[in-house]
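All ligand and atom numbering here is 1-based and tracks the order in the structure. The structure displayed is predicted, hence computed values, not measured ones.
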Amino acid sequence: MAKLPVVMPLHVLSHPLGAHVLTHLRDKTTKPALFRTLSYQISLLLALEATRDLATHEKAIETPMEPTVGRVLAKPLVVVPILRAGLGMLQPFHDVFPDVSVGYVGLERDHHTAVARSYYCKLPPLAGARVIVVDPMLATGGSAAQAVTVVKAAGGTEVVFVCIVASPEGVAVMAAAHPEVAVYTGALDRALNARKYILPGLGDFGDRLYGT
Ligand code: PRP
Ligand code: URA
């Protein structure tokens, strides 16, 4: 039987608060302190979307009133922010999933070629876990595709990618490199400019987050 091509699932956030927060993130007059708060808020919404399908299993407990059966998460959760801008998306995952483990992949785009260079990697055990790779900007897709490759090489089998703004080019690169990896984004923007920045985008996320 012919093998059907796997089409990468793309989830674009559809929530009035998400649209509101994103507009203020895009606004060039937004200062780093507010930018960090807005990053937290939209990442929280995205964290909930990207975990909507997490497996659960039954657990018998006793309330103060009587025995009952509830449900708890069936698998460990690992979040992997791509340094440095991905750190701006980490806290909401900690807040919603206190038992989450965290790994780090350090990648930096060359200012001229826009090709990402790896400078750091530290990952917890990934076998059997849902691994959520986070990076606010999916531009050429080079950083995200490289990070997911690293995560898979380290044993990650159930991987999703979460970003705040994606370009069509970045989505296409992810679909080609990792067709089974679902992408969750706050927005799908129009295009990349000649310097490989997203349009309309929000500029350099790391610089705006850290005031550099
Ligand atoms: C930015 C962003 C992504 C990458 C996206 O990081 O946070 O990691 O660019 O671009 P791509 O899809 O074309 O690879 P940058 O390399 O500027 O580093 P930073 O996070 O340290 O600011
Ligand atoms: N990295 C960013 O921070 N912004 C872009 O638009 C592209 C890459």
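Short contacts between ligand 2 and Ala139, defined as distances under 4.0 Å to a heavy atom of the residue, involve ligand atoms 7 (C), 8 (C). Interface atoms of ligand 2 facing Lys196, defined by a heavy-atom separation under 4.0 Å, are 7 (C). Against a heavy-atom cut-off of under 4.0 Å, Thr140 is close to the following atoms of ligand 1: 11 (P), 12 (O), 13 (O), 14 (O). Near Glu108, the atoms of ligand 1 lying under 4.0 angstrom from a non-hydrogen atom of the residue are 16 (O). Which parts of ligand 2 touch Gly203 is read off a 4.0 Å heavy-atom cut-off, strictly below it: atoms 2 (C), 3 (O), 4 (N), 5 (C), 6 (O).
What sits closest to atom 14 (O) of ligand 1 on the protein, heavy atoms only, is Ser143 OG, 2.5 Å. The nearest protein atom to atom 16 (O) of ligand 1, hydrogens excluded, is given as Arg109 N, 2.6 Å; this is a heavy-atom distance. The protein atom (non-hydrogen) at minimum distance from atom 6 (O) of ligand 2 is Ile198 N, 2.8 Å. Remark: minimum distance from atom 3 (O) of ligand 2 to any protein heavy atom is reached at Phe205 N, 2.8 Å. Looking at atom 18 (O) of ligand 1, its nearest protein heavy atom turns out to be Leu107 O, 4.0 Å. The closest protein non-hydrogen atom to atom 5 (C) of ligand 2 is Tyr197 CD2, 3.4 Å.
Salt bridge status for Glu158 with Lys152: absent, with no side-chain N to carboxylate O gap under 4.0 Å. A salt bridge is defined here as a Lys NZ or Arg NE, NH1 or NH2 lying under 4.0 Å from an Asp or Glu carboxylate O, and Arg26 with Asp189 meets this definition.
Within the structure, the closest approach of Lys196 to ligand 1 does not fall below 4.0 Å when heavy atoms are considered. No heavy atom of Ala144 sits closer than 4.0 Å to any atom of ligand 1.
Of the N or O atoms in Gly206, none lie within a sub-3.5 Å distance of an N or O in ligand 1. The shortest N or O to N or O distance between Arg84 and ligand 1 is under 3.5 Å. The shortest N/O to N/O separation between Asp135 and ligand 1 falls below 3.5 Å. Distances between N or O atoms of Ala139 and those of ligand 1 include at least one value under 3.5 Å. Among the atoms of Ala85, some N or O lies under 3.5 angstrom from an N or O of ligand 1.
For the pair Ala50 and Val162, the tightest heavy-atom approach, listed with the atom from each and the gap, is CB-CG2, 3.6 Å.
Considering Leu209, Ile82, Asp204 only, the shortest heavy-atom separation from atom 17 (O) of ligand 1 involves Asp204.
Between Tyr184 and Ile132, the closest side-chain pair of non-hydrogen atoms is not below 4.5 Å. At least one side-chain heavy atom of Leu202 sits less than 4.5 Å from a side-chain heavy atom of Arg208. The side-chain heavy atoms of Asp135 and Phe205, taken from C-beta on, include no pair separated by under 4.5 Å. Side chains of Ser39 and Met89 form no contact here, defined as non-hydrogen atoms less than 4.5 Å apart. Contact check for Leu209 versus Arg36: side-chain heavy atoms found under the 4.5 Å cut-off.
Atom 6 (O) of ligand 1 lies below 4.0 Å from none of the non-hydrogen atoms of the protein.
In this structure, Arg71 places its CZ atom where more than 12 heavy-atom neighbours from other residues, nucleotides or ligands lie under 6.0 Å away.
Taking the ring centre of Tyr197 as origin, the terminal cationic atom of Arg109 falls inside the region bounded by 6.0 Å and 45° from the ring axis.
To the nearest 0.5 angstrom, His11 atom NE2 is 11.5 Å from Leu46 atom CG. To the nearest 0.5 Å, the span separating CG on Leu107 from CG on Leu83 amounts to 8.0 Å.
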